[in-house]
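Below, chain A is the first sequence line, B the second, and so on; all start at residue 1.
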Protein chains: 2
Amino acid sequence: MLETTIAAIRAADEAAMAAARELHGRLTKPAGSLGALEELSVRLAGLAGLCPPPLPEPAAVAIFAGDHGVHAQGVSPWPQEVTAQMIGNFLAGGAVVNAFARQAGASVTVVDVGVATPLPTDPAVLEPTAVDPAVLDPAVPRLVVASVRRGTRDLTVTAALTRDEALAAVQTGIRIADELIDAGAGILLTGDMGIGNTTPAAVLIAAFTGADPLDTTGRGTGVDDPTYARKVAVVRAALARHTPDPADPLGVLAAVGGLEHAALAGLILGAAARRTPVLLDGVIAVSAALAAAALAPDAVCAMVAGHRSAEPGATVALRHLGLDPLIDLGLRLGEGTGALLALPVVTGAVRVLHEVATFDSAGVAEK
Amino acid sequence: MLETTIAAIRAADEAAMAAARELHGRLTKPAGSLGALEELSVRLAGLAGLCPPPLPEPAAVAIFAGDHGVHAQGVSPWPQEVTAQMIGNFLAGGAVVNAFARQAGASVTVVDVGVATPLPTDPAVLEPTAVDPAVLDPAVPRLVVASVRRGTRDLTVTAALTRDEALAAVQTGIRIADELIDAGAGILLTGDMGIGNTTPAAVLIAAFTGADPLDTTGRGTGVDDPTYARKVAVVRAALARHTPDPADPLGVLAAVGGLEHAALAGLILGAAARRTPVLLDGVIAVSAALAAAALAPDAVCAMVAGHRSAEPGATVALRHLGLDPLIDLGLRLGEGTGALLALPVVTGAVRVLHEVATFDSAGVAEK
């Protein structure tokens, strides 16, 4: 499944990109006056192989949730149970991601890909479905249980995952992408939940970019100085123990990743294979995007960087991917919140190519 | 009317701001993890005097259009007729501002406050109305004719406006703010159209901030090097001729402003007097905001900077106002487009205070 998906990922369509650039020059606005939105719309034309590309609607957020053995090293001040408790909050519609998704008209799919503690029982929990437009209902957050194991192993002691476990999580991500796109989604947004998950993200970013752990490790949900020092030491120790090889992306995900990171890499690859844009959230998403790009370099054509997380590793990863984020407001929440804030910018960029009059049609003089 | 409006503008309500900060600490997210959105929501609580402040809905864009005598100095490559032609485009729904407004569900009111050439006749043109919810219909752009004079005088030769003309334009802006808020608008967005209007904006910003014309003058719709040099010289000459006194804001607007700049200053003051947020677009808006803040310093409490225009003067003005923009994507189109892109961020910031569960109510453990 992974190999088929990778084989389906193609480079951007140059003709569609040229057509979008040419169209921009005829619309009733000074050339270039929409700044980064113009190039974004050109990229999306290249991805779709069409000018104008389809409006990225409806939008679907996929939140992959997992826990982390490295939590035992004291890298986060939050108890591990919060991962499962926040899933309850997502399904009840009470989290920030829900508020932003309701505003944007986006559906929310929560995927337990490896939560350690029991999920809250909730009558609103739905079973995974086959092709079903109801999975895109913005009013009903949905839970898919696809647990690979109840949290990763402690990466300071051993590999976080076996290679098979990492592959299973990647394939879950691909399956969710396919399911959402089959149901009609025009854009996928990455979300994540997992107490401690900025630690494996920092290791992944260091492994794929070669950056120093000091530059890839941040304060996550807000750790104090001693915890931060411990976190950097953990990242450094993980790199020393596993010497992850970026030429073997699945091996890197297995050694030092998380189940949600691996699943997000799969979601990104799945979207790229279907020529559907995937709007990246914060540091967890961009660490997964590095793995996806290592597996299939052309997958970058499908990626749109939603925002610049306050986590320093996010900036390192975005630079490596050659992506400029759309929003830069110091967010560090995850869940998909930064991607949702950026969604109207993406939609607006495409809408211009669909709806704006040309100088000719509007009878407006040119300079 | 101006004096009454200024007298009604009050400082932010500290108790409401404290309540918003306290509420943020109880919501199911790490403290501070929403970055700039948290402080934005606190500011809007302070403006409304309520926590949570009302959702900023519905949104109303007011595009003030005017022409400029200084166009005769060759500061723009576009013919002056484009101002009127673009009004036709706005009313037909074909401009970028229309595409973004449809997406955001915002109404568009176009105000001719001083266009030089004849407006296009169009059966869809509506008369100005009294309190009427139909003025907020996002599907029907509306034209209000409130022309003070058919374009300003050439500010390199004489004062652009008499003091009475500048006052009339400011009062038109206040009247439009009142009308939109009376009709139910929860937030006003500034828009502008006027070939040549970045030149008076550059003079206004230099006059109110003391910055050098080289730092306040940009390339507007995209002028070549000789035109840019001429534009800077024009800005410098205007300052030398009029020596505008920032302690007399109406005098500054009259000497070196534009009718749309003056009207926008009025719109901002009108919104502030009604404790309604006003989302600023680009360089024209922030030059007008400087005049509004000079007339009533507490008006800044109502201002939200939508985006950082590519025009350098916008950054100078925002710094002077102490405002950080929400979006920074190199836009330089005007019309209200940058404000519309930022609108979901503002709405999202407020929505968090309305809809997100607390740790207590959601049964989520704290760190």
From the list A:A342, A:G338, A:A310, A:G32, the residue making the most non-hydrogen contacts under 4.5 Å with chain B is A:G32
Taking every heavy atom of A:P325 against every heavy atom of B:L329, the minimum-distance pair comes out as O-CD2, 4.3 Å
Return the option, out of A:G222, A:G363, A:P344, with the maximum number of heavy-atom pairs under 4.5 Å with chain B. A:P344
Is B:A31 close to chain A through its backbone or its side chain, or both, or neither, when contacts mean heavy atoms under 4.5 Å? backbone
Would you list the atom pairs in which one atom of chain A and one of chain B form a donor-acceptor pair under 3.5 Å?
from   : atom 1 : to     : atom 2 : distance (Å)
A:T28  : OG1    : B:N89  : ND2    : 2.9
A:A31  : O      : B:R332 : NH2    : 3.0
A:S33  : O      : B:R332 : N      : 2.9
A:A36  : N      : B:L329 : O      : 2.9
A:Q85  : OE1    : B:A365 : N      : 2.8
A:N89  : ND2    : B:T28  : OG1    : 2.9
A:G94  : O      : B:A357 : N      : 2.7
A:R102 : NE     : B:E355 : OE1    : 3.1
A:R102 : NH2    : B:E355 : OE1    : 2.9
A:Q103 : OE1    : B:G348 : N      : 3.2
A:Q103 : OE1    : B:R351 : NE     : 2.8
A:Q103 : NE2    : B:P344 : O      : 2.8
A:G222 : O      : B:K367 : NZ     : 3.0
A:L329 : O      : B:A36  : N      : 2.9
A:R332 : N      : B:S33  : O      : 2.9
A:R332 : NH2    : B:A31  : O      : 3.0
A:P344 : O      : B:Q103 : NE2    : 2.8
A:G348 : N      : B:Q103 : OE1    : 3.2
A:R351 : NE     : B:Q103 : OE1    : 2.8
A:E355 : OE1    : B:R102 : NE     : 3.1
A:E355 : OE1    : B:R102 : NH2    : 2.9
A:A357 : N      : B:G94  : O      : 2.7
A:A365 : N      : B:Q85  : OE1    : 2.8
A:K367 : NZ     : B:G222 : O      : 3.1

Under a 4.5 Å heavy-atom cut-off, does chain B meet the side chain of A:A365, its backbone, both or neither? both
Counterpart residues, side chain to side chain contact (heavy atoms under 4.5 Å, CB included), relative to B:P277 (two or more places apart): B:L44, B:L47, B:I187
Under a 4.5 Å heavy-atom cutoff, which of A:V352, A:L37, A:L331 has the most pairs with chain B? A:L331
So which part of B:F90 gets closer than 4.5 Å to some heavy atom of chain A, the side chain, the backbone, both or neither? neither
The interface call for A:P79 against chain B, heavy-atom contacts under 4.5 Å, is side chain
Scored by heavy-atom pairs under 4.5 Å with chain B, the best of A:L341, A:L343, A:I327 is A:L341
Hey, which of B:V96, B:L27, B:L326 has the most heavy atom pairs under 4.5 Å with chain A? B:V96
Selection from A:A104, A:G330, A:A362, A:G94 maximising heavy-atom pairs under 4.5 Å formed with chain B: A:G94
